[in-house]
Amino acid sequence: MIQLQYIKEHRDECIERLKIKNVADVEQRIDEIIALDEKRRAIQKDSDAIKAEQNAIAKEIGMLFKQGRRDEAETKKARTAELKADEKRMGEEMAAVEQELNAKLISLPNTPHISVPRGKSADDNLEVGRFGTMPELPADALPHWDLCAKYDIVDFELGNKVTGAGFPFYKGKGARLQRALINFFLNEATNAGYVEIQPPLMVNEASGLGTGQLPDKEGQMYAIPLDGFYMIPTAEVPITNIYRGEIVSADQFPIRHVGYSECFRREAGSYGKDVRGLNRLHEFSKVEIVVIEHPDRSYERLEEMKHHVGGLLDKLGLPYRILKLCGGDISFTSAMTFDFEVWSAAQKRWLEVSSVSNFEAFQANRMKLRFKDSDGKMRLCHTLNGSALALPRIVAALLENNQTPDGITMPECLRPYLGFDKI
RNA sequence: GGAAAGAUGGCAGAGCGGUCGAAUGCGGCGGUCUUGAAAACCGUUGACCUGCGAGGGUCCGGGGGUUCGAAUCCCUCUCUUUCCGCCA
């Protein structure tokens with residue numbers, strides 16, 4: 001949720017930024033919010049005056065009773081009845097205005113950073129770097145789903161039987177590869193100063209609201225209505241929500257966490273060739289990094305996180321590119337996002353394996369995550385997160401890019417975790 | 001699943017329906033003392049809305065009610081703890 005104060009004090013800048021996200025009727029929406037806020041304040045002023053009078057009378061009545069002046073007390077009571085009626089009416093008006101204001105505020109996406117490129121769709125994302133070398137595969141090279149079957153390391157059919165499409169089984173060296181990647185990613189992050197967390201895989205509604213999955217992306221999460229829980233779509237949700245409602249002390253900055261979790265996504269409406277094999281699953285493993293930082297330093301931290309993610313891909317020897325997402329492709333909650341895509345050499349496609357974002361104060365405002373600044377004032381923290389990394393597409397690229405006539409070569413950095421060097 | 005108890009400030013923990021935004025302890029911050037630190041002692045220390053300010057208002061798990069007046073009484077929801085049962 002954008003801070004109301006920011007909207008009021010920087011109306012034009014706010015509108016300009018939201019236009020980068022192609023928000024329809026921004027001026028009108030912003031001005032409605034400002035008007036509602038003025039209305040709210042006017043009502044509150046009157047309502048506060050009434051309450052002040054009520055409080056004063058109640059005090060007087062207390063005194064009168066004590067002094068035994070009952071008649072005078074009864075007279076005062078009459079006045080209170082009038083005030084009560086007024087207060088009730090105003091309270092209802094206030095609640096209605098607040099509800100409307102809140103609904104309008106919460107439906108506004110985060111303001112993107114002013115440097116975010118304009119654009120309508122993923123085609124307009126800006127490539128800001130390309131690393132590694134793209135392997136030349138022979139003409140008979142296999143896509144990863146064929147390799148999975150050939151070496152019996154990921155079984156999609158079995159997943160269909162036991163659960164459903166998008167819930168594969170990993171077997172033998174495939175399962176071991178999963179475990180190796182998770183450990184490799186967790187260790188790398190720990191060495192870089194991230195404190196490891198193993199979070200719950202289900203969260204309550206308040207947590208979903210805190211990080212912005214609710215109400216915006218309700219249909220994307222698996223829900224357990226009987227208990228009011230949601231299966232997490234990413235470890236970002238439970239880990240960031242650790243700090244929901246907290247006032248952290250400034251000397252804790254930056255707060256760095258890493259967590260591995262299974263991620264559950266309904267992916268409603270996405271079908272076709274994009275979902276083949278490991279390209280898009282309903283359940284997948286991911287290691288996530290989460291950072292909470294002082295507003296003045298959050299963009300430094302974003303760079304640091306990008307560096308960390310890039311380092312992982314370098315070590316894995318996968319060719320990748322970094323995209324700065326345009327206004328049309330960036331998420332609802334994000335102010336700036338970089339996607340990392342690896343080259344999947346047999347599919348001849350770029351696959352997104354990480355998304356690193358700065359949410360600025362957007363999540364913190366929803367969660368009321370604050371700190372006391374050096375001037376003693378309460379301020380909202382900035383929150384950031386990134387995948388480091390999501391496994392399935394990494395596995396897809398590793399299998400495809402490293403295939404040879406006598407097996408699939410595993411990258412050096414994973415061998416201590418794998419116990420073998422070839423599948 | 002059955003039974004009971006509870007939810008108060010960063011934490012712990014008091015609180016006859018009016019003088020309670022809330023005792024006390026711990027913690028935090030400032031100071032005295034000290035070469036420095038610890039201890040001791042003194043002082044200070046909630047958040048939010050609104051107003052230029054003085055000030056006003058709100059908040060004792062959420063919601064509703066009784067009352068001139070509710071942290072305190074009633075209803076309801078949620079959650080937590082303990083015991084029993086079941087089970088990893």
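We use all heavy atoms of the structure for the numbers below, so side chains are in, but hydrogens, waters and symmetry mates are not. Each chain gets a letter, A, B and so on, in the order the sequences are listed, and its residues count up from 1.
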For a side-chain contact (heavy atoms from CB on, under 4.5 Å) with A:Ile15, tell me which candidate from A:Ile30, A:Thr111, A:Val23 qualifies. A:Ile30

If you assign A:Ile61 and A:Ser47 each to the RNA chain B nucleotide with the nearest heavy atom, which residue ends up on the more 5' nucleotide? A:Ser47

So, does A:Lys45 get its side chain near the phosphate of B:C49, meaning an N or O under 4.0 Å from OP1 or OP2? no

Return the value, rounded to whole Å, for the distance between atom CG of A:Leu369 and atom P of B:C48. 13 Å

Whole Å only: how far is the CD1 atom of A:Ile57 from the C1' atom of B:G18? 15 Å

Selected nucleotide, minimal atom distance to A:Thr80 side chain, candidates B:A47, B:G57, B:C68: B:C68

Counting only Watson-Crick or G-U wobble pairs whose two distances fall under 3.5 Å, which nucleotide matches B:G36? none

On RNA chain B, check which nucleotide each of A:Gly62 and A:Asp37 is closest to and give me the residue with the more 5' one. A:Gly62

CZ-CD1 distance between A:Phe264 and A:Ile232, expressed to the nearest 0.5 angstrom: 7.0 Å

In terms of side-chain heavy atoms of A:Met378, which of B:C48, B:G51, B:C49 is nearest? B:C48

What I want to check is whether an N or O donor and acceptor connect the side chain of A:Asp48 with the base of B:G56 at under 3.5 Å. yes

Expressed in whole Å, how much space separates the C1' atoms belonging to B:U58 and B:A71? 14 Å

Using atom CD of A:Glu205 as one end and atom P of B:U78 as the other, report the distance to the nearest whole Å. 14 Å

Is A:Glu16 paired with A:Lys19 through a side-chain N to carboxylate O contact shorter than 4.0 Å? no

A:Phe332 vs A:Phe362 aromatic rings, parallel, tilted or perpendicular, using cut-offs 30° and 60°? perpendicular

Which base sits across from B:U19 as a Watson-Crick or G-U pair, both distances under 3.5 Å? none

Rounded to the nearest 0.5 angstrom, the CD-CG distance for A:Glu352 and A:Asn279 is 12.0 Å

Rounded to whole angstroms, how far apart are CD on A:Gln54 and P on B:G56? 16 Å

In this structure, how many angstroms lie between the C1' atom of B:C48 and the CD atom of A:Gln5, rounded? 13 Å

Among B:A47, B:G57, B:C49, the nucleotide that comes nearest once only the side chain of A:Ala52 is considered: B:G57

For B:C73, the Watson-Crick or wobble partner whose two distances fall under 3.5 Å: B:G65

When the C1' atoms of B:G27 and B:G9 are compared, how many Å lie between them, rounded to an integer? 13 Å

Only pairs with both distances under 3.5 Å count, Watson-Crick or wobble alike; so what is the partner of B:U44 in this structure? B:G28

Parallel, tilted or perpendicular: ring planes of A:Phe184 versus A:Tyr417, cut at 30 and 60 degrees: perpendicular

With a 4.0 Å cut-off on N to O distance, would you call A:Glu87 and A:Lys84 a salt bridge? no

Closest to the side chain of A:Asn55, out of B:U58, B:U67, B:A47, is B:U58

Strand partner of B:C86, provided both Watson-Crick or wobble distances fall under 3.5 Å: none

Select base, sugar-phosphate, or nothing to describe what A:Lys372 touches, counting heavy atoms under 4.0 Å on all strands. sugar-phosphate

Say you pick atom C1' in B:U72 and the same atom in B:G65; how far apart are they, in whole Å? 15 Å

Say you pick atom C1' in B:G21 and the same atom in B:G2; how far apart are they, in whole Å? 41 Å

Rounded to whole Å, how long is the line connecting atom CG of A:Leu4 with atom C1' of B:U50? 13 Å

Could you check how far CD of A:Glu60 sits from P of B:G18, rounded to whole Å? 18 Å

What I'd like to find out is whether the side chain of A:His113 reaches to under 4.5 Å of the side chain of A:Lys324, using heavy atoms alone. no

Can you tell me how far P in B:G61 sits from the matching atom in B:G13, rounded to whole Å? 15 Å

Considering only the P atoms, how many Å lie between B:G28 and B:G10, rounded to the nearest integer? 16 Å

For B:C68, does OP1 or OP2 lie under 4.0 Å from any side-chain N or O of A:Arg79? no

Taking B:C48 as the reference, what is the distance to B:C86 when you measure between their C1' atoms (whole Å, please)? 46 Å

How is A:Arg40 classified with respect to the nucleic acid when contacts are heavy atoms under 4.0 Å: base, sugar-phosphate, or nothing? sugar-phosphate

Pair partner, B:G6 [Watson-Crick or wobble, under 3.5 Å]: B:C79

note: A:Leu64, atom CG; B:G69, atom P; distance rounded to Å ~ 15 Å

What nucleotide, of B:G51, B:G18, B:G57, holds the atom closest to the side chain of A:Ala58? B:G18

Is B:C60 paired to anything, Watson-Crick or G-U wobble with both distances less than 3.5 Å, and if yes, which nucleotide? none

Can you check the distance between B:G18 and B:A70, where both ends of the measurement are the C1' atom (answer in whole Å)? 10 Å

